[in-house]
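Here is the naming used below: chain letters follow the sequence lines, and residue numbers restart at 1 for every chain. Atom set for the values below is all heavy atoms of this structure, side chains included, hydrogens, waters and symmetry mates excluded.
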Amino acid sequence: MGVSEGDHGNTGGNTGGTPAVRDVGIHEAARRGNLRKLVELGVDPWGHRWDDRQWIGDARDRANEVRFRRADGTELDLPTLEGEGPIDYRAWKAEHGPGEETGPQVRVAGRILLQRPTGKLIFLNLRDWTGDIQIFIGQKQVGEASWKVAQCLDLGDLVGIDGRLGRTNTGELTVFAERLTFLCKAIEPPPEKHHGLVDVEMRQRRRYVDILHTPGVLDTFLRRTRIVKSIRRTLDSHDFCEIEGPTLHTIAGGAAARPFTTHHNALGLDLYMRIALELHLKRLLVGGMERVYELGRVYRNEGISPKHNPEFTMLEVYQAFGDYRSMMDLTEQIIVDAIRAIGAELRLPWGRTTIDFQPPFARKTYDDLFGEHTNVDPADPDAIVAYARDQGLAVDGKHPDVVKSDVFEAFVEDGLKGPVFVMDYPASICPLTKRKAGHPEIAERFELFVDGMEVANAYTELNDPDLQENLFRTQLAGQSEEDSMAKMDHDFIRALRNGMPPAGGLGIGIDRLVMILTNSPSIRDVILFPLLRPESQA
RNA sequence: GAGGGUGUAGCUCAGUCGGUAGAGCAACGGACUUUUAAUCCGUAGGUCUCGGGUUCGAGCCCCGACACCCUCACCA
């Protein structure tokens, strides 16, 4: 850094919360200098209420109100920049004059992204979350007080502008400032103005900078909120009610994953962060909440990858007297509604390809896909084990259906472009699922795959308490207890003994759905604050 | 957990064969009332991620650590 406090003489003695002992970089020193000048002008550098303004996007929408009034009283529309380069608006005025431009009064606020001072005139590019607009600040036009404030502006500061909407000589829509109101100082400089923040690690650690300066980031996260709102709207329109279940569990049930552990001091109780929403929602089915869902965070203590974050958002839905086919229709509607909610087409770009979400999505059985992709008879366990061994998969000591599942995951799932519903899984790997009538070896379960990624998972829910208890007791061969979904939960069994209506249940990984709908290659592109190791404080 | 890659100014990036650390933007000083990544003149800014080693000499070679990215494994 090299610039110590004394060098510029503008950090010492500052009582506005400046850290007492710290090497202040040249950028911070300059900004603190401007901050002090503002204070000397009697301006609060941290601003005040300014909520009677309009969005920049709304101001831009008033562009058609900017008109040219000729001396004879007639009004003309202005030429616009539609698709073309800059316009020589000065020449246009000379041609159509004499006259003057008129435009509506606007009040906007935003962050200074670019500054182009040209002597007694400053152009700003101002941004709020609805868009950008150019500001014209002329020394004569804006008045002495505002001009003095304008001399203290740094990139990244927040300002409010009162002025008239108009166009500059090049035709650019601009607010011609009549008053400048300072709203907040930025002590840290923004990133490089052409490229923004590029370093992936810094983008994640300083998401506030990323959202502001990396193109498309704000849009992706706003789309995420629209998708989530749309999902709630779709479910609410079918009379589902949203609940909040416990996130601290004494038994980490409902899925096969390693949990995070935690501890309650007063109770002296070790607890798990939930890995799924399932078992409590089903208890509510027993309790008569016939259509119920939760949209919330679950935690899995597993590896991190472009498709996995330790905490992620899950939707689980349960519908009394439905089954997995009801859930298939609902899944389609949730996704199609969400795509419409973000104003996208049903044919969505995905990397270098597109994915077509025109319903109905393909529906194929597990065994059919298994046979298509492996040329092995899905009903022949010996052939499957032999195939798995040939392909180098570990088979020793594993239940044949586990081997079949391993083969499916290794050689079928990745090839599923989708969207495709994979239906009817081997019952032995689905301990919470009802068996198909007349086919006890097949579970009424589907998973929705898009580009090899599991996006949704649904069952016809198992509601036979005796069978459920048996499945909890029977560990599958080759599965360690901690890897198994089948963790005994006596209270859940007791709930089933009170009678759970036959039902369909559905789980959707919200982060993955958002990835696909926003064409984001990594789950960390759709999670605001993904887990990172702490920054070293050196 | 295994393998590969990256780490240089506030930011974005160069850095040749191992021989004095570079640019653009940002910053500072100056000029400029219609600019568009404004322009022009000048100035300042570095623990080359960290720690060892080899060498007369290391941003560069070797060893180790840390962080992030990618692939694989566990998982959704």
Distance test, side-chain N/O of A/Lys193 to OP1/OP2 of B/C25, below 4.0 Å: no

Could you please name the option among B/C70, B/C13, B/A26 that lies closest to any side-chain atom of A/Pro306? B/C70

Atom-pair distance (CG on A/Leu448; P on B/A76), nearest Å: 16 Å

What distance, rounded to whole Å, do you find between the two P atoms, one in B/G57 and one in B/U20? 15 Å

Whole-Å distance between B/A76 C1' and A/Arg274 CZ? 15 Å

Counting any heavy atom closer than 4.0 Å, what does A/Phe312 reach on the DNA or RNA strands: base, sugar-phosphate only, or nothing? base

Under 4.0 Å: is that the gap between some side-chain N or O of A/Gln115 and OP1 or OP2 of B/U35? no

A/Thr118 side chain: which of B/C32, B/C74, B/C13 is closest? B/C32

B/A67 C1' sits how many Å from A/Ile304 CD1, rounded? 13 Å

Using a cut-off of 4.0 Å on non-hydrogen atoms, how would the nucleic acid contact of A/Arg203 be classed: base, sugar-phosphate, or nothing? nothing

Across all strands shown, which nucleotide pairs with B/C56 by Watson-Crick or G-U wobble geometry, both distances under 3.5 Å? B/G19

Using 4.0 Å as the upper bound for N to carboxylate O, is an ion pair formed by A/Lys282 and A/Glu316? no

Base, sugar-phosphate, or nothing for A/Gly196, non-hydrogen atoms under 4.0 angstrom? sugar-phosphate

If you look only at pairs with a residue in residues 110-127 of chain A, which of them pass as a salt bridge (Lys or Arg N to Asp or Glu O under 4.0 Å), with sequence neighbours excluded? A/Arg127-A/Asp132

Quick one: label A/Pro190 by what it contacts on the DNA or RNA (base, sugar-phosphate, nothing), any heavy atom closer than 4.0 Å. nothing

Quick check on B/A76: is either OP1 or OP2 less than 4.0 Å from any side-chain nitrogen or oxygen of A/Arg512? no

Sticking with atom P, work out how far B/U54 lies from B/C11, rounded to a whole angstrom. 33 Å

Does A/Arg533 place a side-chain N or O at less than 4.0 Å from the phosphate oxygens OP1/OP2 of B/C68? yes

Out of B/A38, B/C70, B/A76, which has the shortest distance to the side chain of A/Ala256? B/A76

Against the side chain of A/Thr168, the closest entry in B/C69, B/A38, B/U34 is B/U34

Rounded to the nearest angstrom, tell me the gap between atom NE2 in A/His195 and atom P in B/A14. 11 Å

Between the side chains of A/Glu40 and A/Lys37, is the shortest nitrogen-to-carboxylate-oxygen separation below 4.0 Å, so that they form an ion pair? no

For A/Tyr293 and A/Tyr318, I'd like to know if the aromatic rings sit close, meaning centre-to-centre distance below 6.0 Å. no

Given that both distances must come in under 3.5 Å, which nucleotide forms a Watson-Crick or G-U wobble pair with B/C72? B/G1

Expressed in whole Å, how much space separates the C1' atoms belonging to B/C60 and B/C17? 10 Å

Which part of the nucleic acid, if any, lies within reach of A/Asn309 when heavy atoms closer than 4.0 Å are counted: base, sugar-phosphate only, or nothing? base

Rounded to the Å, how far apart are A/Leu197 CG and B/C13 P? 10 Å

Which residues satisfy the side-chain contact (heavy atoms from CB on, under 4.5 Å) test with A/Ala177, sequence neighbours excluded? A/Ile135, A/Ile137, A/Val142, A/Ile161

When you check the phosphate oxygens OP1 and OP2 of B/C74, does a side-chain N or O of A/Arg300 lie under 4.0 Å from one of them? no

Is it the case that B/A27 (base atoms only) and A/His27 (side chain only) share a donor and an acceptor within less than 3.5 Å, ignoring hydrogens and angles? no

Could you please name the partner base of B/C66, counting Watson-Crick and G-U wobble pairs only when both distances are under 3.5 Å? B/G7

Report which part of the nucleic acid A/Gln141 touches: base, sugar-phosphate, or nothing (heavy-atom distance under 4.0 Å, all strands). base

On the nucleotide B/A38, are OP1 or OP2 found under 4.0 Å from the side-chain N or O atoms that A/Arg116 carries? yes

Does the distance from a Lys or Arg side-chain N to an Asp or Glu carboxylate O, for A/Asp210 and A/Arg207, drop under 4.0 Å? yes

Measure the distance from CD on A/Glu172 to P on B/A38 and round it to the nearest whole Å. 11 Å

Protein-nucleotide distance (A/Lys120, atom NZ; B/G30, atom C1'), rounded to Å: 13 Å

Once you apply a heavy-atom cut-off of 4.0 Å, does A/Ile122 come out as touching a base, just sugar-phosphate, or nothing? nothing

Check for me whether the distance between the ring centres of A/Tyr366 and A/Tyr425 falls short of 6.0 Å. yes

Please work out if A/Glu201 contacts a base, only the sugar-phosphate, or nothing of the nucleic acid, heavy-atom cut-off 4.0 Å. sugar-phosphate

Between P on B/C70 and CD1 on A/Ile523, what's the gap in Å once rounded to a whole number? 12 Å

Between B/A27 and B/G10, how many Å separate the two P atoms, rounded to a whole number? 15 Å

Distance to the ring centre below 6.0 angstrom and angle to the axis at most 45 degrees; does that hold for A/Lys185 and A/Phe182? no

In whole Å, measure the gap between the C1' atoms of B/U16 and B/A2 for me. 35 Å

Taking atom C1' in both B/G15 and B/C68, compute the distance separating them and give it to the nearest angstrom. 23 Å

C1' gap between B/C13 and B/C63, integer Å: 29 Å

Need to verify one output field. Residue with the more 5' nearest nucleotide on RNA chain B, A/Asp414 or A/Glu409? A/Asp414

Side-chain atoms of A/Phe123 come closest, of B/C70, B/U34, B/C68, to B/U34

Any base atoms under 4.0 Å from A/Asp199, or only sugar-phosphate, or nothing? Heavy atoms, all strands. sugar-phosphate

Just call it for A/Gly138: base, sugar-phosphate, or nothing, with non-hydrogen atoms closer than 4.0 Å on any strand. nothing

Checking N1-N3 plus N6-O4 or O6-N4 for Watson-Crick, or N1-O2 and O6-N3 for wobble, each under 3.5 Å, the partner of B/A27 is B/U43

Within less than 4.0 Å of OP1 or OP2 of B/A76, is there a side-chain N or O belonging to A/Arg297? no

Option among A/Arg167, A/Arg67, A/Arg164 that satisfies the salt bridge (Lys or Arg N to Asp or Glu O under 4.0 Å) test with A/Glu101: A/Arg164

Nearest of B/A44, B/C28, B/A38 to any side-chain atom of A/Asn34? B/C28

Nucleotide opposite B/C48 in a Watson-Crick or G-U pair, distances under 3.5 Å: none

For a quick check of understanding: with a heavy-atom distance under 4.0 Å over all strands, which category does A/Arg205 fall into, base, sugar-phosphate or nothing? sugar-phosphate

Provide the distance between the two C1' atoms, one in B/G45 and one in B/C25, to the nearest whole Å. 14 Å

What's the verdict on salt bridge (Lys or Arg N to Asp or Glu O under 4.0 Å) for A/Glu95 and A/Lys93, showing C-alpha distance, side-chain angles and the deciding distance? CA-CA 5 Å; A/Glu95 187 185 327; A/Lys93 277 198 277 196; over 6 Å; no

Any base atoms under 4.0 Å from A/Met202, or only sugar-phosphate, or nothing? Heavy atoms, all strands. sugar-phosphate

